Amino acid sequence: QRPQQELQPVWCDLQHAATNNKYPIRTADIFDASFETPLAITLKKLKKTQPKEKKKKKKTMVRLSAAASAVLASSALAGSSAVSAFAPPTAFAPRTVVSGTSGTATATALHSTPSAVQAASDAVDELIKSSGAQKQIGNDSFLNEDLMGRARNGPGRTNAERLKIGIVGAGLAGMIAAMDLADAGHDVEMFELRPFVGGKVSSWIDKDGNHIEMGLHVFFGCYYNLFGIMQRTGKFEEALRLKEHVHTFVNEGGHLGALDFQFPIGAPVSGLQAFFKTEQLEPIDKFHNAVRLGTSPIVRALFDFDGGMDMVRDLDDMTFTEWFTQLGGSRGSLDRMWDPIAYALGFVDCDNISARCMLTIFMLFAIRTEASVLRMLEGSPQTYLHDPILEYLEERNVKINLGTGCRDLEHDVDDDGKPTRVTGIRVGPNDELREFDVVVAALDVPGIKKVLPESFRKYPMFDNIYNLECVPIATVQVRFDGWVTEMNDDGLMMDVSGDQSDGRGAGIDNLLYSADAEFSCFADLALASPGEYYKEGEGSLIQAVFDERAFSRSNDRIVQDCIDQLHSLFPSSKKLNCTWSNVVKLGQSLYREKTGQDKHRPSQATNVENFFLAGSYTYQDYLDSMEGATRSGLMVADEIIDRADGPRGLKAMSRKAAEKKGEAEAEAAAVA
């Protein structure tokens with residue numbers, strides 16, 4: 001309640017400060033600071049002073065949940081934008097059951113029971129040894145302010161032993177692992193099947209000079225590790241464009257709804273008021289939404305973060321729909337708001353997506369004001385994300401072999417036929433054998449399934465990978481002779497004259513969601529990422545991602561469906577003509593975040609002594625995403641660096657294996 005001018009800059013909501021020009025600070029300054037609201041700081045202090053009386057706490061949390069639910073519901077019904085300091089932000093829920101008769105209901109906390117997810121987590125903990133990797137998993141990783149610093153500064157040490165390391169796959173995870181391993185003093189060589197780097201974040205230029213992407217890539221404010229990497233390559237400031245702190249929904253007929261997080265007070269209050277004020281939901285759906293959110297794990301997390309986060313983890317076997325409708329959530333809220341968000345996160349609807357997946361991202365939104373802020377690249381991923389990393393690697397003599405995939409893993413086995421050590425990899429069209437001290441498979445789910453020999457499946461951690469499925473997507477780009485998302489002024493919509501670069505064209509410069517289209521999310525890249533997507537004399541370049549509902553259609557059909565659905569969302573755009581289009585189909589993109597999948601994700605360290613995994617599907621406490629890939633790359637590097645030296649280190653094991661091989665060859669020669 002203090003006057004705005006008295007608040008310190010690091011306490012202010014980022015967008016409020018920027019909008020009012022109160023604090024002329026750079027984006028990098030925000031992330032170098034401890035960017036928390038007064039409420040978040042107070043709650044953190046409260047957490048440290050909470051008594052550890054289990055029984056009392058459970059009763060208290062039930063009462064708090066019920067009270068918060070009532071406050072939210074009454075505020076929503078009244079149409080009030082007032083915010084209760086005790087109400088939870090977005091969507092996190094303790095597991096509760098409703099019981100009672102004669103119209104009365106009582107919320108009762110359920111005791112947690114050991115889950116398959118917890119068992120899988122325990123198995124991961126047994127293999128993850130380095131302190132750096134351990135910081136990326138567990139509840140502390142969500143509040144760890146040092147994660148960006150770790151990514152920005154590198155591993156911070158050089159190994160005494162110099163390892164020869166082969167990395168299969170040059171996506172984000174592989175390249176980031178290579179950065180750390182090279183900085184730690186190792187010889188690193190990479191092998192990539194495609195003619196370009198980037199994995200699922202790849203982009204390239206076609207014969208006509210158009211930049212083509214494999215997806216629409218948006219950078220949430222909670223991508224702390226990836227932002228640290230971009231700061232490390234010196235490109236953070238110039239590579240990313242900060243968007244208005246609003247998540248916009250476009251409905252049929254051009255009607256807009258939004259979650260507007262712009263507010264003088266940060267999380268969780270900024271999130272609460274965004275849900276109270278949204279035009280995306282009808283009043284009755286706001287009421288049901290408020291009832292469900294009022295009984296969410298965030299209430300507990302405000303006083304007991306570990307307890308709240310543990311509740312979220314235990315929801316991996318429940319769909320978001322099951323969780324949401326269990327205690328008050330309505331179908332209307334799911335259809336009009338939550339489904340578009342679910343499709344944007346994992347290309348799966350609320351009836352199928354894991355509640356853990358959805359609530360993980362919203363837990364971050366709830367506790368960090370900046371987590372829900374959106375950014376997009378200035379231009380293509382190749383230019384603004386990958387090229388700086390490649391330059392960094394080249395300066396450290398990392399060799400990258402493009403168009404050179406791994407065809408097989410040569411390996412030793414024990415008496416039971418289980419693999420014990422990878423002796424080399426066969427690469428390229430001629431199956432050339434390359435030998436390394438350490439091999440890292442930095443691949444996506446379909447890639448690792450193709451590379452793993454059958455014998456590896458004798459270990460459950462490798463066999464579990466085959467339980468992971470992937471979702472197909474189609475990324476569509478359509479260019480128009482005007483500005484599609486400009487709905488207020490036909491003159492501006494049709495005007496493509498002069499230089500309208502740097503986002504000066506008409507329309508909405510932000511990520512967009514829709515409940516009335518088959519594309520999960522979309523954006524006008526000529527506005528949002530104009531550096532390489534704006535063309536003088538032309539208008540919008542809409543990039544939209546279709547999920548499996550449209551994947552099987554022909555490219556021409558998908559393009560026409562995209563245009564028709566854009567016209568439905570933006571009726572005035574019917575006056576515009578499509579001048580160019582492109583479709584990229586990816587049959588297996590992200591792993592399907594359906595229920596029960598978390599327990600199948602493997603750790604970066606494996607049962608095979610010198611073989612490691614990386615990739616956003618591997619176990620880390622984030623989703624299959626750019627941030628997830630970054631985390632896994634840092635984690636696998638930490639594991640290798642931590643194990644490199646010493647009499648039982650990776651180099652010592654490599655020497656011992658070489659000696660054993662030499663003795664066997666000498667013995668065979670003597671017999672011959």
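For reference, positions follow the sequence shown, starting with 1. Atom set for the values below is all heavy atoms of this structure, side chains included, hydrogens, waters and symmetry mates excluded. Please read all numbers here as calculations on a predicted model, not as lab measurements.
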Qualifying side chain to side chain donor-acceptor pair (under 3.5 Å) pairs with a residue from residues 170-180, counting only residues at least two apart or across chains: R150-D180, D180-R232
Which residues share a side chain to side chain contact (heavy atoms under 4.5 Å, CB included) with R407, sequence neighbours left out: P429, D431
Cationic N near anionic O, under 4.0 Å, D349 to R549: no
Minimum side-chain heavy-atom gap K200-M214 below 4.5 Å: no
D621 and Q136 side chains, donor-acceptor separation under 3.5 Å: no
Donor + acceptor pair across side chains of S654, D437 (<3.5 Å): yes
Side chain to side chain donor-acceptor pair (under 3.5 Å) assessment of N401 paired with E192: CA-CA 6 Å; N401 303 283; E192 170 56 49; over 6 Å; no
Check: P419 main-chain N/O paired with Y459 side-chain donor or acceptor under 3.5 Å: yes
Residues in side-chain hydrogen bond (donor to acceptor under 3.5 Å, both in side chains) contact with E532, at least two apart in sequence or another chain: S380, T383
Candidates I400, V197, L402 - the one meeting side chain to side chain contact (heavy atoms under 4.5 Å, CB included) with M190: I400
Aromatic centroids of F519 and Y343 separated by under 6.0 Å: no
Residue pair L359 / L315, side-chain heavy-atom distance below 4.5 Å: yes
Polar side-chain atom of R479 near backbone of Y533 as donor-acceptor pair, under 3.5 Å: yes
For D187, side-chain hydrogen bond (donor to acceptor under 3.5 Å, both in side chains) partners two or more places apart: R162
Short side-chain to backbone donor-acceptor contact, N464 and P460, under 3.5 Å: yes
Smallest separation among heavy atoms of A344 and S520, with atom names: N-CB, 3.6 Å
Side-chain (S529) to main-chain (L525) donor-acceptor, under 3.5 angstrom: no
Interatomic spacing from NZ in K651 to CG in L163 - rounded to 0.5 Å: 6.0 Å
Salt bridge E432-R426, side-chain N to carboxylate O under 4.0 Å: no
Listed partners of K135 passing salt bridge (charged side-chain N to carboxylate O under 4.0 Å, His left out), at least two apart: none
Q543 versus Q477, side-chain donor and acceptor atoms under 3.5 Å: yes
Heavy-atom donor-acceptor pair, D414 side chain to D416 backbone, under 3.5 Å: yes
Student check: side-chain heavy atoms of R375 and V218 closer than 4.5 Å: no
Side-chain donor/acceptor of Q604 to backbone N/O of Y619, under 3.5 Å: yes
Donor-acceptor contact below 3.5 Å, side chain T360 vs main chain R356: yes
Worked check of side chain to side chain donor-acceptor pair (under 3.5 Å) between S354 and D316: CA-CA 5 Å; S354 159; D316 194 54; 3.0 Å; yes
Selection residues 603-617 - residue pairs positive for salt bridge (charged side-chain N to carboxylate O under 4.0 Å, His left out), sequence neighbours left out: R421-E609
Side chain H217, main chain L377, donor-acceptor under 3.5 Å: no
Y224 ring center near F227 ring center (under 6.0 Å): no
Within 6.0 Å of CD in E395, more than 12 heavy atoms from elsewhere: yes
Residues K164 and E189 bridged, charged N to O under 4.0 Å: no
Pair S203, E213: side-chain N/O donor-acceptor within cut-off below 3.5 Å: no
N/O donor-acceptor pair under 3.5 Å between N210 side chain and D206 backbone: no
Listed partners of D561 passing salt bridge (charged side-chain N to carboxylate O under 4.0 Å, His left out), at least two apart: R553, R557
Can I get a per-line list of side-chain donor-acceptor pairs under 3.5 Å for residues 656-665, giving both atom names and the distance, sequence neighbours left out?
from, atom 1, to, atom 2, distance (Å)
K661, NZ, E435, OE2, 3.0

Atom of M376, atom of F219 and distance for their closest heavy-atom approach: CA-CD1, 4.4 Å
Considering all heavy atoms, the nearest P446-Q588 contact: CB-NE2, 3.5 Å
Euclidean distance, T606 OG1 relative to L452 CG, rounded to 0.5 Å: 9.5 Å
Residues that D412 engages under side-chain hydrogen bond (donor to acceptor under 3.5 Å, both in side chains), provided they are two or more places apart: none
Closest non-hydrogen atom pair between R643 and A605, with its separation: NH2-CB, 3.3 Å
Set of residues satisfying side-chain hydrogen bond (donor to acceptor under 3.5 Å, both in side chains) with respect to E161, sequence neighbours excluded: R655
Sequence neighbours excluded - salt bridge (charged side-chain N to carboxylate O under 4.0 Å, His left out) pairs with any residue from residues 453-477: R457-D463, E469-R592, E469-K594
Where V636 and A614 come nearest, the two heavy atoms and their spacing: CG1-CB, 4.0 Å
Validation row, ring centre F546 to ring centre F551 under 6.0 Å: no
Scan the side chains in residues 166-174 for donor-acceptor partners under 3.5 Å anywhere in the protein, sequence neighbours excluded, and list what turns up.
none

Nearest heavy atoms of C406 and V451, plus distance in Å: O-CG2, 4.0 Å
Audit row: Q134, D638, side chain to side chain donor-acceptor pair (under 3.5 Å) steps and yes/no: CA-CA 9 Å; Q134 288 172 353; D638 278 332; over 6 Å; no
Test log, rule side chain to side chain donor-acceptor pair (under 3.5 Å), inputs D183 and Y392: CA-CA 10 Å; D183 281 343; Y392 189 96; 2.4 Å; yes
Within-4.5 Å side-chain heavy-atom neighbours: E593 and M358: no
Centroid-centroid distance, F456 to H411, less than 6.0 Å: yes
L345 CG to D624 CG distance, which is reported to the nearest 0.5 Å: 11.5 Å
Distance in Å, H186 NE2 paired with T158 OG1, rounded so as to fall on 0.5 Å steps: 8.5 Å
Side-chain donor or acceptor of S589 paired with backbone N/O of L586 under 3.5 Å: no
Test: K235 cationic atom under 6.0 Å from Y384 six-membered ring centre, within 45° of axis: no
